*Asks:* 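Got a structure for you, written out below as structure tokens; questions coming shortly.
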Amino acid sequence: MNPATQDRSAPSGQAPHRTTVDWDLAVTTATKLLRPGPVVPRAEADVAVHRLRELAVDAEVHVRELTGLGHGLPLRPGEVVDRPGWVRAAVQGLAALTDGALPRQPGAFGGVLAGTAGVQAGVVVAFLSGRVLGQYDPFSGGGRLLLVAPNIVGAQRSLDVPGEEFSMWVCLHEGTHRLQFTAVPWLAGHFSGLVTTLLDTMDESSTPRLRDLPRRLREAGGVVDLLQSPAQREVLDRLLALSTLLEGHADHVMDAVGPEVVPSVRVIRERFTARRKGGGLLDRVLRTLLGVEAKVRQYAEGAAFTGHVVDAVGMERFNTVWTGPETLPTRAEIADPAAWLRRVQP
């Protein structure tokens, strides 16, 4: 059993307290709801898996050269997974990030809440499992860069772009995320600290609604509705600003590495951006409810911030952003990069 789902010991005579989310049930639910990926001949699949592992290393070399971050750190391949593998890894990462911060509920009532939240988390993860191309998880297993092979193949086919170039493009994005956390030692602790503070400051009146937390953590509006105090909203703003910076920086880098490494980068970006906005009515509704649309806005807003600052002062001075928590942009500064420059680099 996942340690994050085990009952915590309780004083003699008292009912045990359970975690708010049954993560084992989340994995089970998501696995049952998974859709099959594209059909790929075994020999072709084996070649693709091997090449993705290699490209993860090559991509990080290019990212280091562009950003100036991470020189001297060991280069490691990526982990290539299928959809069930990504589900297990994603849930493990969520459990590691939130374990100890989510409140405990006693006895049978706690079990019901944990089960409900586990099912809801499983539905969300199942939905995302067919869309996520890659992910860097700094919170479990010492840091894991995951590449979801069937989704990369499926996206490349639907976009009708060169397979090797698209795989490299994806690896550039995920390699940037890995470098953000490995080259900036304080970042993972700061991120998890914000999440812990956010959850710790939720008062008891919020507890019944915590069954929705796995979903609400993916929608800014839902979390805002969940929170009760200005202090909670302040922490959320810092978390959203950091997340927007990380996603936008990765999007900027994957394109800025550019034509020499990925000759079709402009075509890929144009078609991929259209794909992010696409889907049928039901898909768009689900994306909105699960906060995917807010995530898409983060890519655009964060990339615009990064591009503005790099154009204004260069990549080396942009890297001032990684000095410490005090140099991170606020949500207002994400929308107004000149304000960040005035504050941090007067």
Side-chain angles (χ1 to χ4, degrees), residues 52-80 86 89 93 132-139 142-148 151-152 155 164-188 190-191 240-262 264-266 268-269 272-273 276 295-311 314-323 327-329 334 337:
L52 279 170
R53 291 195 184 105
E54 294 179 330
L55 286 174
V57 174
D58 295 342
E60 189 163 323
V61 171
H62 294 302
V63 173
R64 293 183 185 195
E65 291 175 351
L66 178 74
T67 64
L69 298 173
H71 293 300
L73 293 175
L75 288 165
R76 295 182 294 155
E79 297 181 46
V80 183
W86 179 81
V132 172
L133 303 181
Q135 170 184 326
Y136 180 67
D137 173 15
F139 304 111
R144 303 176 65 187
L145 190 153
L146 305 171
L147 299 165
V148 190
N151 295 351
I152 293 173
E164 179 92 353
E165 294 179 29
F166 183 72
S167 294
M168 170 60 85
W169 192 67
V170 172
C171 288
L172 288 168
H173 185 96
E174 302 311 326
T176 302
H177 280 319
R178 176 158 65 182
L179 199 57
Q180 289 164 346
F181 284 95
T182 56
V184 185
W186 56 267
L187 187 58
H190 178 67
F191 190 101
L240 290 175
L242 175 55
S243 182
T244 300
L245 171 68
L246 297 178
E247 294 296 356
H249 178 243
D251 252 26
H252 172 85
V253 169
M254 70 193 298
D255 288 351
V257 166
E260 292 185 5
V261 176
V262 183
S264 59
V265 62
R266 292 185 179 179
I268 292 175
R269 168 58 69 190
F272 190 77
T273 299
R276 277 177 174 170
K295 189 73 168 179
V296 170
R297 289 194 297 274
Q298 282 187 327
Y299 291 118
E301 293 168 1
F305 171 86
T306 303
H308 180 101
V309 174
V310 170
D311 288 345
M315 183 62 77
E316 184 177 355
R317 291 182 66 188
F318 169 85
N319 286 340
T320 304
V321 78
W322 310 119
T323 304
T327 59
L328 293 173
I334 289 285

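Just so you know, residue 1 is the first one in the sequence shown, and it goes up from there. Keep in mind that this is a model prediction, so the values were computed, not measured. All heavy atoms count here, side chains included; hydrogens, waters and symmetry mates do not.
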*Asks:* State which residues pass ring pair (Phe, Tyr, Trp, His ring centres under 6.0 Å) with H62; sequence neighbours excluded, sorted by chain then number.
*Replies:*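 Once residues adjacent in sequence are excluded, H62 has no partner under the ring pair (Phe, Tyr, Trp, His ring centres under 6.0 Å) criterion.
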
*Asks:* Hey, could you give me the CE/OH distance between M254 and Y299, rounded to the nearest 0.5 Å?
*Replies:*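 So the CE of M254 and the OH of Y299 are separated by 9.0 Å.
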
*Asks:* Not counting sequence neighbours, list each pair that qualifies as a salt bridge (Lys or Arg N to Asp or Glu O under 4.0 Å) and has a residue in residues 66-76.
*Replies:*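 Pairs touching residues 66-76 that pass the test: none.
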
*Asks:* Side chain to side chain donor-acceptor pair (under 3.5 Å) with R144: which residues, sequence neighbours excluded?
*Replies:*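 Testing R144 for side chain to side chain donor-acceptor pair (under 3.5 Å), a comparison that skips the adjacent residues, returns E79, Q92.
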
*Asks:* Excluding sequence neighbours, so at least two apart, what forms side chain to side chain donor-acceptor pair (under 3.5 Å) with T323?
*Replies:*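 Not a single residue meets the side chain to side chain donor-acceptor pair (under 3.5 Å) criterion with T323.
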
*Asks:* I need the minimum non-hydrogen distance between N151 and L133, along with the two atoms involved.
*Replies:*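 Scanning both residues, the minimum pair turns out to be O-CD2, 3.4 Å.
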
*Asks:* For F181 and F139, take the angle between the two ring planes, folded into 0 to 90°, and tell me which bin it lands in: parallel under 30, tilted 30 to 60, perpendicular over 60.
*Replies:*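 Answer is perpendicular, since the angle exceeds 60°.
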
*Asks:* Any side-chain heavy-atom pair from L246 and L242 closer than 4.5 angstrom?
*Replies:*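 With C-beta onward as the side chain, the pair touches.
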
*Asks:* Would you indicate whether the side-chain heavy atoms of V61 and L75 approach each other to under 4.5 Å?
*Replies:*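 With C-beta onward as the side chain, the pair touches.
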
*Asks:* Distance check, rounded to the nearest 0.5 Å: Q180 atom CD versus L69 atom CG?
*Replies:*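 Between atom CD of Q180 and atom CG of L69 there are 8.5 Å.
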
*Asks:* For residues W186 and V321, report the shortest heavy-atom separation together with the two atoms involved.
*Replies:*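 Where W186 meets V321 most closely, the heavy atoms are CZ2-O, 4.5 Å.
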
*Asks:* Could you pull out the closest heavy-atom pair between D137 and G93, with the gap in Å?
*Replies:*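 Minimum heavy-atom separation between D137 and G93: OD2-CA, 3.3 Å.
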
*Asks:* Using atom types as modelled and distance alone, determine if a side-chain donor or acceptor of R178 lies under 3.5 Å from a backbone N or O of E60.
*Replies:*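 Side chain of R178 to backbone of E60: no pair is present.
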
*Asks:* Starting at CG of L172, measure out to CG of L55 and round the result to the nearest 0.5 Å.
*Replies:*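 Rounded to the nearest 0.5 Å, the CG-CG separation comes to 9.0 Å.
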
*Asks:* Given side chains that start at C-beta, do those of R269 and D251 come closer than 4.5 Å, heavy atoms only?
*Replies:*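 Yes, close enough: below the 4.5 Å cut-off.
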
*Asks:* Which pair of non-hydrogen atoms, one from P329 and one from I334, has the smallest distance, and what is that distance?
*Replies:*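 Taking every non-hydrogen atom into account, CG-CD1, 3.7 Å.
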
*Asks:* Flag the pair W169 / D255 as yes when at least one side-chain heavy-atom distance between them is below 4.5 Å, and no otherwise.
*Replies:*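 Answer yes - side chains close enough.
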
*Asks:* Listed by chain and number, what are the ring pair (Phe, Tyr, Trp, His ring centres under 6.0 Å) partners of H249, not counting sequence neighbours?
*Replies:*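 Expected list: F318, W322.
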
*Asks:* Between the side chains of H177 and E174, does any donor sit under 3.5 Å from an acceptor?
*Replies:*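 Judged by distance alone, the side chains do not pair up.
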
*Asks:* Decide side-chain contact (heavy atoms from CB on, under 4.5 Å) for L66 and V253; before the verdict, give the C-alpha distance in whole Å, the side-chain angles of both, and the deciding distance to 0.1 Å.
*Replies:* CA-CA 8 Å; L66 178 74; V253 169; 3.8 Å; yes

*Asks:* Do the side chains of F191 and L187 get nearer than 4.5 Å, heavy atoms only?
*Replies:*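 They are not in contact (no side-chain heavy atoms under 4.5 Å apart), so the answer is no.
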
*Asks:* OH/Y136 to OG1/T176 distance, rounded to the nearest 0.5 angstrom?
*Replies:*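 Spacing of OH (Y136) from OG1 (T176) equals 12.5 Å.
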
*Asks:* Rounded at 0.5 Å granularity, tell me how far CG in L145 sits from CZ in R53.
*Replies:*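 Answer for the CG-CZ pair, L145 versus R53, is 12.5 Å.
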
*Asks:* Restricting to non-hydrogen atoms, name the atom on A183 and the atom on G70 that form the minimum distance, rounded to 0.1 Å.
*Replies:*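 Result for this residue pair: CB-N, 3.8 Å.
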
*Asks:* Could you tell me which non-hydrogen atom of A59 sits nearest to which non-hydrogen atom of M168, and how far apart they are?
*Replies:*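 For A59 and M168, the tightest heavy-atom pair comes out as CB-SD, 3.7 Å.
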
*Asks:* Under the side chain to side chain donor-acceptor pair (under 3.5 Å) test, which residues partner T67, sequence neighbours left out?
*Replies:*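 In terms of side chain to side chain donor-acceptor pair (under 3.5 Å), with neighbours along the sequence ignored, T67 is linked to no residue.
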
*Asks:* For H190 and V184: C-alpha separation, side-chain torsions, deciding distance, then whether side-chain contact (heavy atoms from CB on, under 4.5 Å) applies.
*Replies:* CA-CA 10 Å; H190 178 67; V184 185; over 6 Å; no

*Asks:* Would you check, one step at a time, whether the test side chain to side chain donor-acceptor pair (under 3.5 Å) holds for E301 with T244?
*Replies:* CA-CA 7 Å; E301 293 168 1; T244 300; 4.8 Å; no

*Asks:* Would you compute the distance between atom SG of C171 and atom CG of L147 and round it to the nearest 0.5 angstrom?
*Replies:*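 Between atom SG of C171 and atom CG of L147 there are 4.5 Å.
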
